[in-house]
Student: 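Below you'll find the structure I mean.
Only a predicted model underlies this, so the values are computations on that prediction, with no experimental measurement involved.
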Amino acid sequence: MDIFSQIKNKVIVSVQAMPSEPLYKEDCMVAMMQSVVKGGAAALRVAGTRDVINAKKLFKIPVIGITKPEVIPPNWREIVYITPTIKDAKDLIQAGADIIAFDGTSRPRGENNLTQLIRFIKINKKIAMADVSTLQEGIAARILGADIVSTTLSGYTLESPDVSDQPDFELLQKLVEAVDCPVILEGRIWTPEQVDKAFALGAHSVVIGSAITRPQLITKRFVNREKAV
């Protein structure tokens, strides 16, 4: 079974933590991966070569790899920071990631443009997954050769203001209609009902992160419950 078939209509779990967080410790991240795989995760999305290597060593499921800085800069809405360069992609490929996810937005880039990054990933026979924030970005990434387009960055760029705490179902639906490749819904997914809706709209897969693997954010939702009423 190929990777696209393995993740079709399945839940992928993003297991990540920042270095400043307690769960970033290697044994904690490994335990979290083991827990979500035991719960039925069809694939993992992890950050950094350490966690890619551990995921590939422990499990026989697809691994999506990304890189990101140890500290997210204050102008994060304006910059590219998810797998920004060919070097980042190369590190993830050498670590064994099956899918390389990267910032596919229209924001200014550094030493490598999207064409170069996607070409490098595909030359190395890995799947190129573009995290985008708008319909236009998704279409552009597909034209450049992205194998998967994901709504990951919707609400997290200047081009897509954060106007809702709900998943961007509108962007998902538009991308499904506009591009001839798998579209993944990622971002602000908190309930099984939202997962069902995503698949009904044509999502190939759904990536869930904070609702499963970020205890501090889960706790905050309960503590601040009165603000949501």
Side-chain angles (χ1 to χ4, degrees), residues 3 12 14-21 24 29 43-56 62-162 168 171 175 178-179 181-184 186-187 207 209:
I3 287 174
I12 299 166
S14 178
V15 180
Q16 298 179 41
M18 298 303 294
S20 60
E21 298 171 0
Y24 182 76
M29 296 307 291
L44 296 170
R45 176 169 167 133
V46 300
T49 56
R50 181 197 74 180
D51 291 348
V52 169
I53 291 169
N54 284 333
K56 290 302 296 180
V63 174
I64 302 170
I66 70 167
T67 67
K68 60 184 181 182
E70 291 190 359
V71 178
I72 304 299
N75 63 334
W76 55 271
R77 287 188 182 273
E78 305 169 23
I79 65 170
V80 169
Y81 62 86
I82 296 177
T83 321
T85 69
I86 285 176
K87 181 187 182 305
D88 292 302
K90 183 178 181 180
D91 290 343
L92 294 169
I93 290 168
Q94 291 178 338
D98 304 290
I99 301 171
I100 309 300
F102 53 89
D103 185 312
T105 68
S106 58
R107 294 181 289 188
R109 307 186 69 88
E111 59 187 274
N112 300 126
N113 61 40
L114 270 180
T115 300
Q116 295 169 325
L117 185 59
I118 292 172
R119 182 184 298 135
F120 180 82
I121 294 168
K122 293 172 75 69
I123 285 173
N124 283 276
K125 303 186 185 308
K126 298 296 183 178
I127 295 170
M129 175 174 164
D131 293 341
V132 304
S133 68
T134 68
L135 173 62
Q136 292 73 23
E137 291 169 350
I139 293 172
R142 176 55 180 159
I143 290 172
L144 292 177
D147 302 298
I148 298 172
V149 174
S150 174
T151 66
T152 310
L153 292 172
S154 172
Y156 302 101
T157 68
L158 295 178
E159 292 74 22
S160 63
D162 185 4
D168 196 338
L171 177 58
L175 285 170
V179 299
C181 69
V183 178
I184 289 178
E186 180 173 4
V207 175

Student: Which pair of heavy atoms, one from L117 and one from P84, lies closest together, and at what distance?
Tutor: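 Of all heavy-atom pairs spanning L117 and P84, the closest is CD2-O, 4.4 Å.
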Student: Side-chain donor-acceptor pair under 3.5 Å between S160 and T157, yes or no?
Tutor: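 There is such a pair between these side chains.
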Student: First locate atom CD1 of I64, then atom OG1 of T152, and finally report the distance between them rounded to the nearest 0.5 Å.
Tutor: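 Result: 8.5 Å between the selected atoms.
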Student: For R109, I'd like to know if atom CZ has over 12 heavy atoms of other residues, nucleotides or ligands within 6.0 Å.
Tutor: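 Yes, because the 6.0 Å sphere around CZ of R109 holds more than 12 heavy atoms from other groups.
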Student: Please tell me if the side chains of E159 and Q136 come closer than 4.5 Å, counting only heavy atoms from C-beta onward.
Tutor: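 They are not in contact (no side-chain heavy atoms under 4.5 Å apart), so the answer is no.
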Student: Are I12 and L44 side-chain neighbours, meaning at least one heavy-atom pair lies under 4.5 Å?
Tutor: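 When only atoms from C-beta onward are counted, L44 and I12 do not touch, as no gap falls below 4.5 Å.
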Student: Taking the side chain as C-beta and beyond, is there a heavy-atom pair between E137 and R107 under 4.5 Å?
Tutor: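 The answer is no; the side chains never approach within 4.5 Å.
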Student: Going from CG on L144 to CD1 on I139, what distance comes out if it is rounded to the nearest 0.5 angstrom?
Tutor: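 If we round to the nearest 0.5 Å, L144:CG and I139:CD1 are 12.0 Å apart.
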Student: With a 4.5 Å heavy-atom cut-off, do T105 and V80 have their side chains touching?
Tutor: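 They are in side-chain contact.
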Student: Using 4.0 Å as the upper bound for N to carboxylate O, is an ion pair formed by D98 and K56?
Tutor: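 Salt bridge between K56 and D98, a charged N being under 4.0 Å from a carboxylate O: yes.
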Student: Taking the basic N atoms (NZ, or NE/NH1/NH2) and the acidic carboxylate oxygens, is any pair closer than 4.0 Å for D147 and K126?
Tutor: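 Salt bridge: no.
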Student: Closer than 3.5 angstrom, by distance alone: can the side chain of T67 be matched with the main-chain N or O of G48 as a donor-acceptor pair?
Tutor: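 Such a contact is absent between T67 side chain and G48 backbone.
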Student: Out of curiosity, Q116 CD to E111 CD, how far, rounded to the nearest 0.5 Å?
Tutor: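 Atom-to-atom, Q116:CD and E111:CD are 9.0 Å apart.
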Student: Can you list everything that forms a salt bridge (charged side-chain N to carboxylate O under 4.0 Å, His left out) with D51? Sequence neighbours excluded, please.
Tutor: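 In terms of salt bridge (charged side-chain N to carboxylate O under 4.0 Å, His left out), with neighbours along the sequence ignored, D51 is linked to no residue.
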Student: With side-chain contact (heavy atoms from CB on, under 4.5 Å) as the test, would you mind laying out the steps for M18 and I72 before giving the verdict?
Tutor: CA-CA 9 Å; M18 298 303 294; I72 304 299; 3.8 Å; yes
Student: Set out, in order, the CA-CA distance, both residues' side-chain angles and the distance that settles side-chain contact (heavy atoms from CB on, under 4.5 Å) for I184 and I148, then state yes or no.
Tutor: CA-CA 7 Å; I184 289 178; I148 298 172; 3.7 Å; yes
Student: Please walk me through it: do T151 and V132 pass side-chain contact (heavy atoms from CB on, under 4.5 Å)?
Tutor: CA-CA 5 Å; T151 66; V132 304; 5.9 Å; no
Student: Taking all heavy atoms of Y81 and all of W76, pick out the closest pair and write down the distance.
Tutor: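 Closest heavy-atom pair between Y81 and W76: CE2-O, 3.6 Å.
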Student: What is the minimum heavy-atom distance between L171 and S133, and which atoms define it?
Tutor: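 Scanning both residues completely, I find the closest heavy atoms to be CD2-O, 3.7 Å.
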Student: Tell me, do F120 and K90 make a side-chain contact under 4.5 Å, heavy atoms counted?
Tutor: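 Yes, side chains in contact.
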Student: Are the side chain of R77 and the backbone N or O of G155 linked by a donor-acceptor pair below 3.5 Å?
Tutor: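 Confirmed, R77 side chain pairs with G155 backbone.
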Student: To the nearest 0.5 angstrom, please state how far the CD1 atom of I100 sits from the CD1 atom of I66.
Tutor: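 Between atom CD1 of I100 and atom CD1 of I66 there are 10.5 Å.
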Student: How many angstroms lie between atom CD of Q16 and atom CE of M29, to the nearest 0.5 angstrom?
Tutor: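 Reported to 0.5 Å precision, the distance equals 7.0 Å.
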Student: Using every non-hydrogen atom in the two residues, find where G65 and V52 come nearest and quote the distance to one decimal.
Tutor: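 Looks like CA-CG2, 4.0 Å.
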Student: Taking all heavy atoms of I118 and all of A141, pick out the closest pair and write down the distance.
Tutor: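 It is CD1-O, 4.0 Å.
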Student: Considering non-hydrogen atoms only, spot the tightest contact between C181 and V149 and give its length.
Tutor: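 Closest approach of C181 to V149: SG-CG2, 3.9 Å.
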Student: Side chains of I121 and F102: does their closest heavy-atom pair fall under 4.5 Å?
Tutor: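 They are in side-chain contact.
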Student: Rounded to the nearest 0.5 Å, how far apart are CG of D91 and NZ of K87?
Tutor: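 Interatomic distance, D91 CG to K87 NZ, rounded to 0.5 Å: 4.0 Å.
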Student: Taking the side chain as everything from C-beta on, heavy atoms only, tell me whether E78 gets closer than 4.5 Å to L158.
Tutor: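 Result yes, sub-4.5 Å side-chain heavy-atom pair found.
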Student: Would you say that L153 contacts D103 through its side chain, given a criterion of any heavy-atom pair below 4.5 Å between the two side chains?
Tutor: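 With C-beta onward as the side chain, the pair touches.
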Student: Report the residue from D131, D168, T134 that forms a side-chain hydrogen bond (donor to acceptor under 3.5 Å, both in side chains) with S154.
Tutor: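 One option only clears the test, and that one is D168.
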